[in-house]
Amino acid sequence: MSNENLKLRTKQFALRVIRMFENMPETKTSKIIGNQLLRSGTSIGANYRAVCFAKSKRDFVNKLKMVEEEVDETLYWLELIEETGIFQKEKIVSIKAEASELMSIVVASIRTARKNLKTTIKP
C-alpha cells in the first residue's frame with residue numbers, strides 16, 4: 001500500500017471515528033470513553049503523516065511504533081464501547097475491522113522497516 005493510500009485510509013478512519021463520537025449517547029461514561037476514542041482514533045492519521053516525513057530509517061520505525069500504539073488504544077476503546085453496550089456489536093463491527101486491518105498494515109510495515117534497517121547496518 002502506498003503512503004498516499006494509507007494517508008487517505010487513516011484520514012477516512014478518523015472521519016468515521018468522529019461520526020461515531022457525534023452519535024454516542026449523552027451519558028457520563030459515553031463522553032469519557034468517546035473522548036478517548038476520538039483522541040486516539042484521529043491521531044492515527046496525524047501520526048502516520050509524521051511517518052511520511054521521517055528523517056531516517058530509525059525515525060521511520062519509531063514513528064510507526066507510535067501509530068501502532070494509537071491503533072491499539074483505539075481498538076481498546078472500541079472493545080469497551082462494545083462490551084459496555086454503548087453501541088451494539090453490529091454497529092461497530094466494520095470500524096473495528098478497519099482498525100484491525102490498519103494494525104496489520106502497520107505491524108507488517110514495522111517488520112519490513114526493521115528488516116531493512118538490519119540489512120543496511122552491517123557489523
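Numbering starts at 1 and runs along the sequence shown. As the structure is a prediction and not an experimental result, all values here were calculated from the model.
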Determine whether L8 and Q12 make a side-chain contact, defined as any pair of heavy atoms from C-beta on separated by less than 4.5 Å. yes
In this structure, CG of L80 is separated from CD1 of I86 (nearest 0.5 Å) by 8.0 Å
The reported gap from CZ in F53 to NZ in K63 (rounded to nearest 0.5 angstrom) is 10.5 Å
Is K11 atom NZ crowded by more than 12 heavy atoms from other residues, nucleotides or ligands, each under 6.0 Å away? no
For the CZ atom on F87, are there more than 12 heavy atoms of other groups (residues, nucleotides or ligands in this structure) within a distance under 6.0 Å? yes
Strictly below 4.0 Å, N to O, side chains only: are E22 and R19 in salt-bridge contact? no
Taking atom CE of M24 as the centre, does the number of heavy atoms from other residues, nucleotides or ligands within less than 6.0 Å exceed 12? yes
Tightest non-hydrogen contact, residues A99 and V71, listed as O-CG1, 3.3 Å
Does CZ belonging to R39 count more than 12 external heavy atoms closer than 6.0 Å? yes
Could you report the tightest heavy-atom contact between S30 and P25, atom names first, then the distance? CB-O, 3.2 Å
Decide yes or no on side chain to side chain donor-acceptor pair (under 3.5 Å) for S43 and E70, but give the supporting numbers first. CA-CA 7 Å; S43 69; E70 293 299 333; 2.9 Å; yes
Polar contact flag, side-chain donor to acceptor under 3.5 angstrom, R49-T10: no
Separation between CG of L78 and OG of S40, rounded to the nearest 0.5 Å: 7.5 Å
R16 to I95 - nearest heavy-atom pair and separation: NH2-N, 3.2 Å
Any side-chain heavy-atom pair of V61 and K57 under 4.5 Å: no
N3 side chain near Y48 side chain, heavy-atom distance below 4.5 Å: yes
Check: V107 and R111 side chains under 4.5 Å, non-hydrogen atoms: yes
Going from OG on S109 to CD on E68, what distance comes out if it is rounded to the nearest 0.5 angstrom? 10.5 Å
In this structure, would F60 and M66 fall into the same cluster of hydrophobic residues linked by side-chain contacts under 4.5 Å? no
Kindly indicate whether the side chain of E69, heavy atoms from C-beta on, has any atom under 4.5 Å from the side chain of N47. no
A54 versus D59, closest heavy-atom pair with distance: CA-OD2, 3.3 Å
Less than 4.5 Å apart, side chain to side chain, heavy atoms only: is that true for R9 and F13? no
Answer yes when K31 and E26 have at least one side-chain N-carboxylate O distance shorter than 4.0 Å, and no when they do not. yes
Rounded to the nearest 0.5 Å, how far does OG1 of T74 lie from CD1 of I44? 3.5 Å
Following the transitive rule for hydrophobic clusters with a side-chain heavy-atom cut-off under 4.5 Å over Ile, Leu, Val, Met, Phe, Trp and Tyr, establish whether Y76 and V93 coincide in one cluster. no
Could you give the distance from CD1 (I32) to CG (L37), rounded to the nearest 0.5 Å? 14.0 Å
